[in-house]
Amino acid sequence: MFRSTAKLTRQLLQSSRMLTSSLSSSSSTFAKSRLFPASAAVTCQSWKVAHLSTAPNNSDDEYDNNDDILTTPPSRSHVNPWEEPEDMPTSGEWEGCKRGFMKPIQISARGVEILHSPLYNKGTAFKSGERDRLRFRGLLPHRVMNINKQKERFLIGLRELESNIRKNIMLEDLHDRNETLYHRILVDHIEEMAPLIYTPTVGQACQELSARFRRPRGMYFTEEDRGHMAAMVYNWPHNDVRVIVVTDGSRILGLGDLGANGMGIPVGKLSLYCAAGGIAPHRVLPVVLDVGTDNQELLNDEFYLGVQKPRLRGKEYFHLVDEFMNAVRYRWPRVLVQFEDFDSSVAQRLLDKYRNTHLCFNDDIQGTGATSLAGLMGALRAKGEDVNSLGDQRILIAGAGSAGIGIAQVLYQAMLEQGYSESQAKDAFYVVDQHGLLGKERMATLNPEQQAFARDVDSGLPLLDVVKKYKPTMLVGVTAVGGLFTEGLVREMASHVERPVIFPLSNPTTKAECTAEQAFEWTDGRCVFASGSPFDPVEMEDGRIFSTSQCNNMYVFPGIGLGATICGAKKVTDRMLYVAAKALAECLTPEDAARGQVFPHISKIRSVSHAVAVAVIEEAIREGINTKVSPDDAKNLKAYVDRKMYYPEYVPLIEKRTISI
């Protein structure tokens, strides 16, 4: 049998040689005809190798000598075809789209229901195959457009609008129709879109929310829902909620009590969680605790959609919040709750109550503090000073509410981390409210958090006099009093400090303590500046142009939330905030610092969130409060976090069916 096989193989080899010779002599003719390319010779040689390799391994067989076997394949065979990028189609309905494997999503919706679901709707991007299998062929126009073409078309219409609030409305309309396209536009154009969906435009959007209400988003809890909240949370259609942003509307930005109209803040924050932090939109939930309002204008507004009663206070208020916290934790045990825009009279108390038993943090207290810390470290770098010299600074904070005290607390902890003593750290602060410098003589009127920063002398000293006497190197404003930093005050500060650091952080823009133009003009271009709301670059009369930085919490909270939820942290600790701020500060490049910037460019927000998340997870592991990241995954946290980050792109949809055989 072996002899007959060898004989057959010899005949096939002879035929192969003849065919190869024939192809070589006329390869150009075949190549021109495009019917039989010259590469066919390679195919035949490959066939020869494959078939000879199947010959029996017999020491007596004359084919032990493999001199005739092709041992050096053509250069093309050195390339692994699976490692070569696949060409994108350049025409047809697949133009610009990947055709490789993508994990599909099983959905229970079908037909026109899918087109009305913002989570699943792709609009005109549905391919013909999807239109058939999902049962809505004929319900869309014929032309198929990919996500890039959809984005281009939308941006043309958006940029034709002149009013930012009209642009906000157009974006939110898209948000309600197609979440994937909405978040893709945010990711690809975050510098242009962030001011439209968040500060400063979100303030006006909140004020007008009842008047322009179109479609519900999120959940509302009221006093009438007491006793039902554990059941109510199951009305939310998604089982895997990772992040909740909740407000009671009592202190929306610098605009005061907006009641249920404050829903615009959680919606805007969670849009940034998805776009900047990489958390999928079906895993976030905006919430308003509608406990009434003390805003008389809203109480008298016939179109106001919230509870038109005076704001709930005292034990009834705190019991309502407690029921809510326990209800959401019961359904989603590892959900992160971010407190947002709660009045200073309750913000710290709520944080103290839940910070050790629930995964939560207060963005106005802790988020603002961490962002400010990163900004001030960046300011020191821009000045050419050691970032670990915080305790040597003289820091004047205008505003002693939750934001101002939150900044002081985070900076104080950072100073201790840098090796300063408690007395050295506290001596660096000068905190001023509407009654002047916090001092020992006012202790009876201060809350415990404010008391920690009260000075021994000069209680009640006015802001300008504090500047004259103590010559601060850093000035931070969180008062929501527009124009508080007057020309006289800023020039006085600049007369004592070569490069004053000026951070007017109040939002929206109308509430900023001073503008970027004023700060640079009054300091002759010597200041290091950052603001809560964005300002355009400033051009001086002598032609110098100064970049401005936005000290906004969006640099920190998406990364904190991403890291804490990925690792299943049991709580958010003070040191997590410190490492988050440090990671943010380290994202600032030398080129950024040389231009006077104190934060990375906003276009880098996703990489910043990634770095912050990695730092938070590392700290959670160090503190022993990580519950999800395995030791193997911990070896390469950067890759682990990268895999977990949501990126808005269309994925295949399949109808969920029960299959029985």
Side-chain angles (χ1 to χ4, degrees), residues 206 209-210 213 215-252 257-267 269-270 282-295 298-299 301-364 402 565 570-572:
C206 286
L209 187 140
S210 289
F213 183 83
R215 178 173 178 164
R217 179 171 288 275
M219 292 192 73
Y220 298 81
F221 294 82
T222 71
E223 186 182 18
E224 293 182 4
D225 300 318
R226 291 297 314 278
H228 300 290
M229 293 185 188
M232 278 178 63
V233 292
Y234 285 90
N235 290 340
W236 189 248
H238 304 296
N239 293 322
D240 188 22
V241 173
R242 305 283 181 87
V243 178
I244 291 174
V245 176
V246 57
T247 185
D248 68 354
S250 55
R251 190 196 60 81
I252 299 299
D257 185 350
L258 295 185
N261 284 354
M263 177 57 90
I265 295 296
V267 170
K269 289 276 186 180
L270 288 170
H282 69 281
R283 290 174 172 160
V284 301
L285 170 59
V287 171
V288 163
L289 302 179
D290 186 0
V291 295
T293 177
D294 291 334
N295 185 326
L298 296 179
L299 291 174
D301 184 354
E302 62 176 322
F303 297 114
Y304 174 61
L305 296 176
V307 174
Q308 286 187 298
K309 294 180 180 179
R311 184 168 287 276
L312 194 67
R313 298 191 180 278
K315 65 180 182 180
E316 289 80 8
Y317 172 85
F318 290 106
H319 283 304
L320 182 149
V321 176
D322 194 59
E323 184 181 352
F324 163 77
M325 291 295 290
N326 287 310
V328 297
R329 192 184 184 199
Y330 178 78
R331 184 176 180 194
W332 305 291
R334 291 297 179 189
V335 69
L336 170 74
V337 177
Q338 176 176 316
F339 294 108
E340 192 69 41
D341 285 355
F342 283 75
D343 187 72
S344 299
S345 61
V346 299
Q348 187 69 50
R349 295 181 69 181
L350 292 175
L351 178 60
D352 292 342
K353 167 68 176 176
Y354 299 108
R355 65 187 307 172
N356 292 317
T357 57
H358 292 62
L359 182 63
C360 68
F361 73 102
N362 184 298
D363 188 45
D364 304 297
S402 57
T565 56
K570 296 178 181 178
K571 59 182 178 180
V572 176

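The figures that follow rest on heavy atoms only: side chains count, while hydrogens, waters and symmetry mates do not. The structure displayed is predicted, hence computed values, not measured ones. The first residue in the sequence is number 1, and the count goes up from there.
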Just how far is it from atom [atom1] of [X] to atom [atom2] of [Y], taken to the nearest 0.5 Å?
X	Y	atom1	atom2	value
Trp236	Ile244	CH2	CD1	9.5 Å
Thr293	Leu312	OG1	CG	12.5 Å
Leu258	Met263	CG	CE	13.5 Å
Gln338	Asn362	CD	CG	8.5 Å
Thr247	Leu289	OG1	CG	8.0 Å
Asn261	Phe213	CG	CZ	10.5 Å

Within the structure provided, determine whether [X] and [Y] are in side-chain contact (heavy-atom separation under 4.5 Å).
X	Y	value
Met325	Thr357	no
Val245	Ile265	no
Cys360	Phe339	yes

Which is it for Val337 and Leu359 under the side-chain contact (heavy atoms from CB on, under 4.5 Å) test, yes or no, and what are the steps along the way?
CA-CA 6 Å; Val337 177; Leu359 182 63; over 6 Å; no

Donor-acceptor pair, [X] side chain versus [Y] backbone, under 3.5 Å?
X	Y	value
Asp290	Tyr220	no
Asp257	Asp294	yes
Asp364	Asp341	yes

So for atom CZ, which belongs to Arg349, do other residues, nucleotides or ligands contribute more than 12 heavy atoms lying within a distance under 6.0 Å?
no

Where [X] and [Y] come nearest, the two heavy atoms and their spacing:
X	Y	result
Asp322	Lys353	OD1-CE, 4.0 Å
Arg331	His238	NH2-O, 3.5 Å
Ser210	Leu305	OG-N, 3.1 Å
Ser344	Ser402	OG-N, 3.1 Å
Val287	Pro266	O-CG, 3.7 Å
Phe342	Val246	CE1-O, 3.2 Å

Kindly determine whether Lys309 and Val291 satisfy side-chain contact (heavy atoms from CB on, under 4.5 Å), including the steps that lead there.
CA-CA 8 Å; Lys309 294 180 180 179; Val291 295; over 6 Å; no

Using residues 223-234 as the side-chain source, report each donor-acceptor pair under 3.5 Å to any protein atom, sequence neighbours left out, with the distance given to one decimal.
unit_1: Asp225; atom_1: OD2; unit_2: Thr222; atom_2: N; d: 2.8
unit_1: Asp225; atom_1: OD2; unit_2: Thr222; atom_2: OG1; d: 3.1
unit_1: Arg226; atom_1: NE; unit_2: Glu323; atom_2: OE1; d: 2.5

Selection residues 304-328 - residue pairs positive for ring-ring contact (aromatic ring centres under 6.0 Å, His included), sequence neighbours left out:
Phe221-Phe324

With sequence neighbours left out, write down each residue that passes salt bridge (Lys or Arg N to Asp or Glu O under 4.0 Å) with Arg283, or none if nothing qualifies.
Asp240

Could you walk me through whether Asp301 and Asn295 pass the side-chain contact (heavy atoms from CB on, under 4.5 Å) check?
CA-CA 10 Å; Asp301 184 354; Asn295 185 326; over 6 Å; no

Can we say Asp343 and Arg313 salt-bridge, meaning some charged N sits less than 4.0 Å from an Asp/Glu carboxylate O?
no

